[in-house]
Structure formats: C-alpha cells, structure tokens
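Both counts, for ligands and for their atoms, begin at 1 and track the order of listing.
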Amino acid sequence: MKMRIAIAGGGLGGLTLARILRRHGLDAVVYEREASRSARSQGGMLDLHPESGQQALAEAGLTGRFRSEARPEGEEHRILDQAGRTLVHHKPHPGSFSGRPEIDRRALRDLLLDSLPGDAVAWQHRLVAATPRPDGGFGLTFHGGHKTDCDILIGADGARSVVRSLLTDAKLSYVATLVELSISDADRRHPDLAELVGPGNLWCVGVNQILAAQRLGDGGIRVGISLRAEDRDIDTYRSKRALLDLFEGWDSRLTALIEAGDSAPTPRRIEAMPIGTRWANQPGITLIGDAAHLMPPVGEGANQAMLDAAELAGELAANPADPDTAIRTYEEAMFTRTHPIAEMSARVQAMMLSPTAADDITRFFTARTTEPAAAD
Ligand SMILES: Cc1cc2nc3c(=O)[nH]c(=O)nc-3n(C[C@H](O)[C@H](O)[C@H](O)COP(=O)(O)OP(=O)(O)OC[C@H]3O[C@@H](n4cnc5c(N)ncnc54)[C@H](O)[C@@H]3O)c2cc1C
C-alpha cells in the first residue's frame with residue numbers, strides 16, 4: 001500500500017524534503033499555514049554551504065536553477081568597528097561558485113515550489129493537533145476544523161513546531177534580540193548606504209551589540225541589529241529613536257542605516273533549543289530543521305534543515321518497506337551531525353554579542369577566509 005506522507009510546514013526544509021521524495025517516486029503532501037507563496041516576505045539572503053544546503057539542492061536536481069538565481073558576489077563581506085574602521089574585507093573570486101554563494105530566501109523558496117506540482121502544497125493549512133491513531137499513523141487537525149490522516153508525519157514546522165511536542169518537551173530559551181529594518185531602492189534613494197554595504201554583508205561590531213546590513217537581490221538593504229537577551233520590553237525597540245540612543249557615539253555613516261529605514265523597526269526574540277536535544281524514536285513521526293534543532297542564527301539553520309531533508313528522503317527511499325527503521329537511521333545521524341553545529345552556533349552567538357566581539361570576530365573570519373578551499 002502507498003505510504004501517505006504528511007509534511008507539516010512548507011519552509012526550506014519541508015519543500016526540499018517533498019522535492020527529493022518525489023524524485024524517488026514517493027509522494028508527500030506539504031501542509032503550510034500561509035495562504036500562498038507570496039503571503040509573507042521571506043527575509044534576507046542565505047549563503048548555502050557546499051556540504052549541506054548545496055548538497056541537498058544537488059539531490060533535488062536543482063543545482064542549475066540555483067546557479068542561475070544565486071549571487072556569488074553576495075559573499076563579499078566587511079567588518080567595521082563602531083568608528084567605521086575596516087577590520088576585515090573579504091571579496092570572493094568574481095563569478096566563483098566554489099564557496100558559499102548567497103541566494104535570496106524568496107528566490108530559493110520559489111525555486112523549490114516551482115519544482116513541485118501545484119497540488120503538493122496545501123496552503124492555508126495550519127496544523128493545530130496531531131493524534132496517534134490506534135492502528136498506526138496520525139490524525140491531523142488544521143485551524144478551521146479540517147481533518148485528515150497520514151501514515152508518516154514529518155514536522156518541518158519551524159521554531160515553534162506543533163509536531164515537536166509529540167516527541168520532546170524541550171523548551172526554547174531566549175538567546176538574543178534582533179531588530180530589523182528595510183531600506184528599499186537603495187542605489188537610487190541612498191547611494192552612500194548602498195556603497196557602504198556593498199554587494200554582500202556588512203557587520204559593524206560594538207560592545208555587546210552589532211549593526212548589520214545585507215544587500216538583497218531586489219536592490220534593497222536589510223538592516224539587522226543584534227542585542228543581548230535582556231529583561232527590557234522588546235517593544236522599546238519599535239522606535240528608531242530608541243535604537244539611535246543605543247548607538248550613540250558610533251560613526252554617523254553607520255547609524256544612517258537606522259535613520260534610512262523605510263518604516264518603524266521590527267523587534268523579535270531569537271530563541272534556541274537546548275543543545276543536544278534528542279528524543280526516543282517513535283513509529284511514523286520525526287522532525288527536520290528548526291523543529292528538530294533550533295539554533296542561534298549564525299548561518300547554519302537553513303543549511304542543516306535542507307541537509308536533514310535530503311538525508312531523511314534518502315533513508316525513506318532506500319527503505320520504503322520499513323519507514324520506521326529509515327526514520328531511526330536518519331535521527332541517529334542527524335543528532336550526531338547537528339550537536340557540534342549547535343554548540344558552535346551558541347559559541348559564535350555569544351562571541352558576537354560580547355565586549356570583545358570586534359577582536360574575536362576578526363580572528364574568526366580571518367581564520368575562516370584563509371582556510372584552503374573550505375569557504376572560498
Ligand atoms: C535573522 C535570521 C537569519 C538567518 N540567517 C541564516 C543564514 O544565513 N543561513 C542559514 O543557514 N540559516 C539562517 N537562519 C536560520 C534559518 O532561517 C532557519 O534555520 C531555516 O529557515 C529553518 O528552515 P525550516 O524549514 O526548518 O523552518 P522554517 O523556514 O521556519 O519553515 C517553517 C514553515 O512551517 C510553516 N509552519 C509553521 N507552523 C506551522 C503549522 N502549525 N502548520 C503548518 N505550517 C506551519 C511556516 O509558515 C514556515 O513556512 C537565520 C534565521 C534568522 C532568524
């Protein structure tokens with residue numbers, strides 16, 4: 001009998017999984033809470049690593065499309081101190097795909113969506129409950145009351161996963177505050193800022209705080225301010241004035257990034273799961289991506305979500321008669337792979353928001369960019 005596979009969540013992990021399963025002749029339905037692919041802005045750029053995100057796209061048969069959408073020049077990055085002095089300036093080799101080319105999240109998600117038939121994604125299906133059935137599989141209930149059944153349930157439903165609670169009671173902890181602003185049409189409206197940011201990423205590093213900016217494929221700039229987790233009400237940061245006060249004494253060419261924001265800043269809490277979270281294997285259910293291992297956002301989450309998808313799809317395709325063994329094998333390998341990455345992400349996050357961040361980050365990037373072939 002055909003396995004009915006349900007994937008909760010149509011983010012990068014869920015869509016990559018659906019695509020690779022389909023290439024192996026296994027159908028899955030992705031249940032996504034958003035109303036359509038354009039319901040929400042997908043955020044900034046991601047750099048896809050050869051050994052994870054790019055590997056998954058290769059298994060999805062999408063390397064060609066990735067290369068036509070990616071922006072290798074987006075790998076360029078500069079690190080400045082709060083006086084505007086350049087500490088690190090990394091430029092990729094022109095046109096090189098050998099490193100970690102950047103791609104807009106929207107373009108990456110569209111590329112995955114375009115690779116699936118229209119009925120593979122059930123939009124406007126927010127999973128609210130999953131209940132094990134006595135004869136195996138799960139009953140699924142969606143917001144609005146719609147119900148369905150599946151044999152295998154894969155939680156790809158992100159940071160606040162509903163499926164996670166069926167496997168582990170791991171609690172999220174608050175690790176940082178991120179405040180975002182966007183600047184549209186930067187070349188025309190703010191040529192000085194466009195030049196400051198360049199084609200990739202800019203990090204201006206202070207004491208316990210970072211002002212970062214990222215060039216987007218549509219000509220805009222996404223500004224992100226990272227602050228330590230603290231007790232202060234997050235709504236404090238909904239005003240540019242409050243942010244500018246935090247950056248008093250910084251070079252005005254840098255704080256101009258805050259002043260130029262198109263609208264009021266959007267603050268949010270950044271959370272993470274306990275490092276090394278595991279769960280006891282259960283028949284017919286597992287997690288991928290942020291649902292499985294939410295980490296501080298230092299460049300690994302999407303890459304690992306996509307690699308989870310590729311590895312799980314590979315196991316299910318290799319062992320379709322015994323999906324429980326396939327899931328167990330996937331989980332063991334995923335726990336082992338992601339544990340050190342979660343440790344590293346927590347270390348980097350702490351380093352970025354420390355009093356000595358400028359020196360520490362400079363050392364970190366100088367070491368990374370001089371590694372032979374690994375990153376560049
Ligand atoms: C500011 C920031 C910057 C980042 N930068 C990078 C980076 O440079 N590189 C990198 O690799 N990672 C980065 N990450 C991490 C990365 O965004 C995530 O790890 C990645 O998106 C996880 O993919 P996912 O598919 O598991 O979850 P998501 O991308 O969160 O997708 C989950 C999907 O599930 C849907 N959903 C949620 N709940 C339900 C429900 N109940 N029912 C149905 N659907 C549901 C959501 O709408 C969403 O579409 C960053 C994260 C942040 C916050």
Contacts of Glu311 that satisfy side-chain hydrogen bond (donor to acceptor under 3.5 Å, both in side chains) - sequence neighbours left out: Arg337
Arg268 contact mode with ligand 1 (heavy-atom cut-off under 4.0 Å): side chain
Donor-acceptor contact present, side-chain Asp233 to main-chain Thr236, <3.5 Å: no
Under 3.5 Å: N/O of Asp290 near N/O of ligand 1: yes
Chi angles and distances behind the side chain to side chain donor-acceptor pair (under 3.5 Å) call for His89, Glu76: CA-CA 8 Å; His89 187 176; Glu76 180 164 342; 2.8 Å; yes
Under the side-chain hydrogen bond (donor to acceptor under 3.5 Å, both in side chains) test, residues paired with Asp185 that sit two or more places apart: Arg188
Contact (N/O only, under 3.5 Å) between Leu127 and ligand 1: yes
Contact (N/O only, under 3.5 Å) between Ala302 and ligand 1: yes
Ligand-side contact atoms (ligand 1) for residue partner Leu46, heavy atom cut-off under 4.0 Å: 6 (C), 7 (C), 8 (O), 9 (N), 10 (C), 12 (N), 13 (C)
Numbered atoms of ligand 1 (with element) below 4.0 Å of Gly13, judged on heavy atoms: 25 (O)
Check: Glu32 N/O within less than 3.5 Å of ligand 1 N/O: yes
Polar contact flag for Asn303 and ligand 1 (N/O pairs, less than 3.5 Å): yes
